[in-house]
Amino acid sequence: MKMQLFRFTTSSAARLLRERSSCHQSDPICARNTGLSDLTTREATLSLREDDTDTNDNEQRARIENFLNSEHLTYQKIRLGAGFSTPGLDRTSIDHILFADQLEGESILDVGSAQGRFCIEALRRGAASATGLETSPERIRHARRIAEILDVRPRPIYLHEDVEHWTAPAKSFDRVLCLNVLHHLYGIALIVRTVG
């Protein structure tokens, strides 16, 4: 008896699954003709999911490449996945200082949030909410896009605000980050009282 090798690819899985849906499994001729006598619906469905994952990965990669090529990103290095990062300084070395304590359920305010790296990291570490204030509309746009690409949940809130003129909400924040910002401010004591 001659054995025939069959290379099972995701495209063949999709074709076979479509054929199987129009064929009754109890019909041995139909099952034999479609090549499904040894192939279960579950295997074909798993292969279709892998095919969808490959497509989604390729689409995500293209979205990231397009974002990196079309925007002027310079300040914070943020890993976007698929081997890509935004150009800029790698600030991971201070994460253990900023986020040494538990963040579960805390609210974070990042004054001068730039492209939003620290808001994202706080949410990844369990913060309930993260708000970033930034005076640059371009950086706010970048931060929102990066959070979308990374599918951060809950989403950080990025506000185009100058902290010195910002009317803070009635609530206070559990933590306020003010990194590489103080030398740009005039009324530091007033700001600490306002947001703290």
Side-chain angles (χ1 to χ4, degrees), residues 56-57 59-196:
N56 290 342
D57 288 347
E59 288 174 4
Q60 178 71 351
R61 184 179 186 84
R63 286 174 58 210
I64 293 170
E65 283 184 294
N66 183 48
F67 173 64
L68 291 173
N69 291 331
S70 64
E71 296 289 349
H72 180 67
L73 302 155
T74 59
Y75 192 65
Q76 296 172 328
K77 181 176 183 174
I78 302 171
R79 288 179 181 82
L80 301 175
F84 293 104
S85 296
T86 58
L89 298 173
D90 185 350
R91 306 295 296 274
T92 56
S93 62
I94 62 172
D95 287 348
H96 70 285
I97 298 167
L98 298 174
F99 306 122
D101 304 331
Q102 288 289 342
L103 297 181
E104 287 298 322
E106 289 194 0
S107 60
I108 310 296
L109 175 67
D110 184 9
V111 178
S113 58
Q115 290 151 336
R117 186 203 176 278
F118 294 110
C119 288
I120 291 168
E121 189 62 28
L123 291 168
R124 283 182 173 159
R125 292 173 181 249
S129 66
T131 303
L133 300 185
E134 177 56 55
T135 58
S136 164
E138 182 181 49
R139 285 185 175 170
I140 288 288
R141 190 179 75 252
H142 293 165
R144 289 176 180 158
R145 184 75 175 106
I146 289 167
E148 179 189 324
I149 287 171
L150 295 173
D151 196 24
V152 179
R153 303 290 176 168
R155 283 276 199 264
I157 299 166
Y158 298 113
L159 303 174
H160 179 218
E161 295 282 352
D162 181 337
V163 69
E164 292 187 281
H165 305 287
W166 180 52
T167 304
K171 70 168 191 164
S172 63
F173 295 89
D174 296 306
R175 290 183 200 220
V176 178
L177 305 178
C178 201
L179 306 167
N180 200 23
V181 170
L182 293 179
H183 58 283
H184 294 288
L185 305 177
Y186 296 103
I188 296 172
L190 176 63
I191 291 165
V192 171
R193 283 197 302 272
T194 303
V195 300

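Only this structure's heavy atoms are used, side chains among them; waters, hydrogens and symmetry mates stay out.
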- Given the rule in the side chain to side chain contact (heavy atoms under 4.5 Å, CB included) test, do R153 and D151 qualify, once you have shown the distances and angles that lead to the verdict? CA-CA 6 Å; R153 303 290 176 168; D151 196 24; 3.0 Å; yes
- Message: Can you give me the closest heavy-atom contact between Y75 and R91, atom names plus distance?
- Response: OH-NH1, 4.2 Å
- Where L123 and R155 come nearest, the two heavy atoms and their spacing: CD1-C, 4.1 Å
- Task: Could you tell me how the ring of F99 sits relative to the ring of F118: parallel (under 30°), tilted (30 to 60°) or perpendicular (over 60°)?
- Result: tilted
- Message: Please report the interatomic distance CH2(W166) to CG(L109), rounded to the nearest 0.5 Å.
- Response: 5.0 Å
- Would you say the side-chain atoms of T86 pair up with the backbone N or O of I78, donor to acceptor, closer than 3.5 Å? yes
- Task: Would you confirm whether Q76, through its side chain, and G116, through its main-chain N or O, come within 3.5 Å as a donor-acceptor pair?
- Result: yes
- Backbone N or O of I149 within a donor-acceptor pair of the R63 side chain at under 3.5 Å? no
- Determine, stepwise, if the pair L80 / E65 fulfils side chain to side chain contact (heavy atoms under 4.5 Å, CB included). CA-CA 10 Å; L80 301 175; E65 283 184 294; over 6 Å; no
- Note on the structure: To the nearest 0.5 Å, atom CG of D110 lies from atom CG of L98 at 9.0 Å
- Message: So, taking the atom named CZ in R139 and the one named CD1 in I146, what distance separates them when rounded to the nearest 0.5 Å?
- Response: 11.0 Å
- Note on the structure: d(L177 CG, C119 SG) to nearest 0.5 Å is 7.5 Å
- Nearest heavy-atom approach of P87 to L73 is CG-O, 2.9 Å
- Nearest heavy-atom approach of D174 to G105 is OD2-O, 4.1 Å
- Task: Take R117 and T92 through the test side chain to side chain contact (heavy atoms under 4.5 Å, CB included) and record every step on the way to the result.
- Result: CA-CA 9 Å; R117 186 203 176 278; T92 56; 3.0 Å; yes
- Item | Minimum-distance pair of heavy atoms, taken over all atoms of L159 and I140 | O-CD1, 3.4 Å
- So do R125 and D101 actually touch side chain to side chain, heavy atoms under 4.5 Å? no
- Task: Quick one: pull up CD1 in I108 and CD1 in I157 and give me the separation to the nearest 0.5 Å.
- Result: 12.5 Å
- Query: So does R141 pair up with E71, basic N to acidic O under 4.0 Å?
  - Reply: yes
- Message: With a 3.5 Å distance limit and no angle check, can you tell me whether Q102 reaches the backbone of E104 through a side-chain donor-acceptor pair?
- Response: no
- Query: Can you tell me how far the CG atom of N56 sits from the CZ atom of R61, to the nearest 0.5 Å?
  - Reply: 14.5 Å
- Message: Test your reading of the model: is there a side-chain donor-acceptor pair from E106 to the backbone of A127, 3.5 Å cut-off?
- Response: no
- Note on the structure: What one should report as the nearest heavy-atom pair of I120 and P156 is CG1-CG, 4.4 Å
- Side-chain donor-acceptor contact under 3.5 Å, H72 with E138: no
